[in-house]
Novice: 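The structure follows.
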Amino acid sequence: MLLLGRVRFDLETRRLYDRDGDIFLRPQSLEVLLSLARHRGEVVEKEALIGEAWGHLHVTDDSLTQCISDIRKSIRDKRRHIIRTVPRRGYMLNATELTEDADRPPPRRPALLAVASVALLASFGLGGLKLADTLSHARPADAPPSLAVMPFRNPGADPREAYFVEGITEDLILDLSRLRNLEVTSRNTAFAYSKRNLSDRELAAALGVRYLMQGSVRRQDDILRVNVEMVDTVENRYVWAEQFEEAAGDIFSVQDRVKARIVSALSVHLSEDEADRLPTATPQHLEAYDLFLRARKARHQGTQRALRLTYWSLERALELEPDFAAAMIALAETNAFDFSGGNHPLEWERPPMLTRVAAERLASRARELAPRQAGPDIALARLRLGELRWETALDHARAAVRLEPQLSDAHVMLARTLSAAGFHSEALEEIRLADALDPVGSPEHHTVRGMALFGLRRMEEALESLADANAAAEISLDWRATSLAVALSGLLGRSPEAFDRGTQVFPSLSARMPVPLFAHAADQALLSDGLTRAGIVPHSGAQLVRGAALPGNEVRELILGTRSTGFCYATEYLPKMRVSSEGSVLWSLRDDINIVGTATVRGGRLCIAFENLPQLREGCFEIRHNAPSAPDKRAFPYVMQGAMTCFFDPSPD
């Protein structure tokens, strides 16, 4: 008899159970668990596990990964302490052996709540959850309480207040999800299921929770009215209900009191650290918080106008409240997303050199202000992906998961970095952990699953995942996801037009194709092949063969006293740069972006000290020859490579 956390496994009878009764496992998953149990404390190679479970049948590593994921869900091993993954080798089971008299097994009985959940899902068309997922609803008596915070209502129906009401709900979900002894449904899943016409019991069964919290928020004439109620859907009774009427500036006090009531009503045990963190980190300026909520709403919309509103709102919030950690994390993530190519309009909202430096500075400061939150490391992981620093990106993504293992966004970012670095099976396993935390998922969630499936050459499934991402996106996919969707369409001989959605993103793919999604040449070559088959051909100026960097004396002779035209890589900027013989620089990226500075040559690199960029005091660039494969208007003879990469053609001033 083995003890797996709170679950027991009898090797002789092949029975897995807890205090609530038997736990179901598929036959192959049970065979994998048996093999691990027989060799507990040892690393069992993947090939050995596949042989035990499938015999002579040929299956991929992904089938084994699915079994491991099923077992972890069944024994509630979210942090992977019981079943450890040993990269590139296999798995190891950590279990305690019990004597025969140590614990008497309970009588065999069906998991009634799980059966009811399956029936409800079938009756109401909620087929998105699998049978194995619904069985997790049969919760043991000593399991943590489970809660879904549903989107609060906006009783005034004022669309101008929608961002504020949604923001209050999101903050409560995020803060409560950080408590280890409380299981909270994710924001994406709660918001998606709130649109379905279900009773409280049906909704709780579909979400796999016992308690539902609902309410309303109305802000009028500087008065805030909040109504909150929490329902026990098993006993069909109100656990707690309360009305708050306060000055609008007391919103943070109301949030803290609501969280305290929930913790008390559900008898949630808080560690000393959690008790310290539970109160809201209150900004001194209510306007800063309001701007932060506006920005968070805008970020979901994906339009150029919304992106500008996001930048403006967050920067204004930080002007009012320089150490507002939540706004700082959001702005770091926005800059990192913009720099790494997450936004797909024909022009970046801001020059990549600015977003790169801003993301680094903001995320580093946010780590100091919020050292126990995953957000700063998520932003840094995304930034490192944009810089093609795969290993460093993995370090930050793993740190994010360690800090907040209950945060699905952290697992999605780790999955993205794993797939980009070539560890596609591990990425798919990480996405399954994110699935358990957030069954509905975000567009990025589905996109990353598609990346991993593409890397495993499961093309049909990958295209289905990208279609799911496209359906979940409010406007359209970001350009990286679009490029993957178009490539898959090309490889499978399908039309990619369904992924365009009238956003004119396809023309920009030609300029951006050289940016790699994957570290491995084989993955990137297949992506490029798919794009070419779909009719997306990279401009020849991007297909460059870079020579050695020019020495300092040649850089000085080439740059000083010249004016240049060019094309900046991965943007549609057609910049012009004028450098006087004394080194004065006027660099026009666009009509509305003019950079002034002074150029010097140090260590063989062109360094520009910027006078009007508070985010970036200096940028240094290597100058190289460019040998494009075919001449065209963008086949410039030189490449300037640093915080951004530009092709240019200098001529005497």
Side-chain angles (χ1 to χ4, degrees), residues 59-63 65-66 69 127-130 188 192 302 341-342 344 385 411-412 415-432 434-435 438-510 512-513 515-538:
V59 297
T60 65
D61 284 357
D62 188 54
S63 298
T65 302
Q66 176 65 62
S69 178
L129 296 177
K130 299 177 183 178
N188 289 330
H344 70 243
L385 283 178
H411 292 280
V412 171
R416 178 181 276 278
T417 56
L418 284 166
S419 184
F423 304 110
H424 302 297
S425 293
E426 291 87 342
L428 204 56
E429 182 175 343
E430 205 64 39
I431 277 293
R432 291 193 179 109
D435 287 340
D438 184 7
V440 170
S442 63
E444 183 173 28
H445 191 137
H446 299 297
T447 296
V448 175
R449 180 185 287 106
M451 285 179 62
L453 291 167
F454 174 89
L456 294 169
R457 306 302 186 254
R458 293 163 55 179
M459 301 305 184
E460 290 283 358
E461 295 171 78
L463 189 59
E464 287 178 13
S465 290
L466 268 296
D468 290 340
N470 194 38
E474 290 195 22
I475 303 298
S476 61
L477 294 176
D478 63 67
W479 79 265
R480 285 178 180 268
T482 300
S483 67
L484 181 58
V486 171
L488 284 161
S489 300
L491 292 169
L492 294 171
R494 314 277 173 77
S495 170
E497 294 304 318
F499 294 96
D500 189 11
R501 293 171 65 169
T503 56
Q504 297 296 311
V505 67
F506 284 5
S508 70
L509 293 181
S510 292
R512 298 176 178 184
M513 259 183 74
V515 177
L517 292 181
F518 301 102
H520 286 197
D523 292 334
Q524 192 62 28
L526 188 61
L527 178 75
S528 297
D529 180 45
L531 285 166
T532 302
R533 293 189 190 191
I536 306 295
V537 180

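Index from 1, following the sequence.
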Novice: For A427 and A415, work out which heavy atoms get closest and say how close.
Specialist: CB-O, 3.3 Å
Novice: Compare every heavy atom of H411 with every heavy atom of A434, then report the nearest pair and how far apart it is.
Specialist: CB-CB, 4.0 Å
Novice: Tell me the closest heavy-atom pair linking L491 and F454, and the distance in Å.
Specialist: CD1-CE1, 3.9 Å
Novice: Of all the heavy-atom pairs spanning T65 and S425, show the shortest one and how long it is.
Specialist: CG2-O, 3.9 Å
Novice: In Å, rounded to the nearest 0.5 Å, how long is the span from CG of L428 to OG of S69?
Specialist: 9.0 Å
Novice: Taking R449 first and then D435, would you say they form a salt bridge - that is, a charged N and a carboxylate O separated by under 4.0 Å?
Specialist: yes
Novice: If we ignore hydrogens and angles and just use 3.5 Å, is the side chain of S489 paired with the main-chain N or O of A485 as donor and acceptor?
Specialist: yes
Novice: Check the side chains of H445 and N188 for a donor-acceptor pair under 3.5 angstrom, ignoring hydrogens and angles.
Specialist: no
Novice: When R416 is tested against each of E426, E444, E430 for salt bridge (Lys or Arg N to Asp or Glu O under 4.0 Å), which residue passes?
Specialist: E444
Novice: Just by modelled atom types, is the L517 backbone N or O under 3.5 Å from a matching donor or acceptor in the Q524 side chain?
Specialist: yes
Novice: State, yes or no, whether a side-chain contact exists between N470 and H446 at a heavy-atom distance under 4.5 Å.
Specialist: no
Novice: Tell me the closest heavy-atom pair linking L527 and S483, and the distance in Å.
Specialist: CD1-O, 4.1 Å
Novice: Over all heavy atoms of both residues, which pair between L484 and G450 is shortest? Give the atoms and the distance, please.
Specialist: CD2-C, 4.1 Å
Novice: Could you check E460, E464, H424, E461 and say which one makes a side chain to side chain contact (heavy atoms under 4.5 Å, CB included) with L453?
Specialist: E461
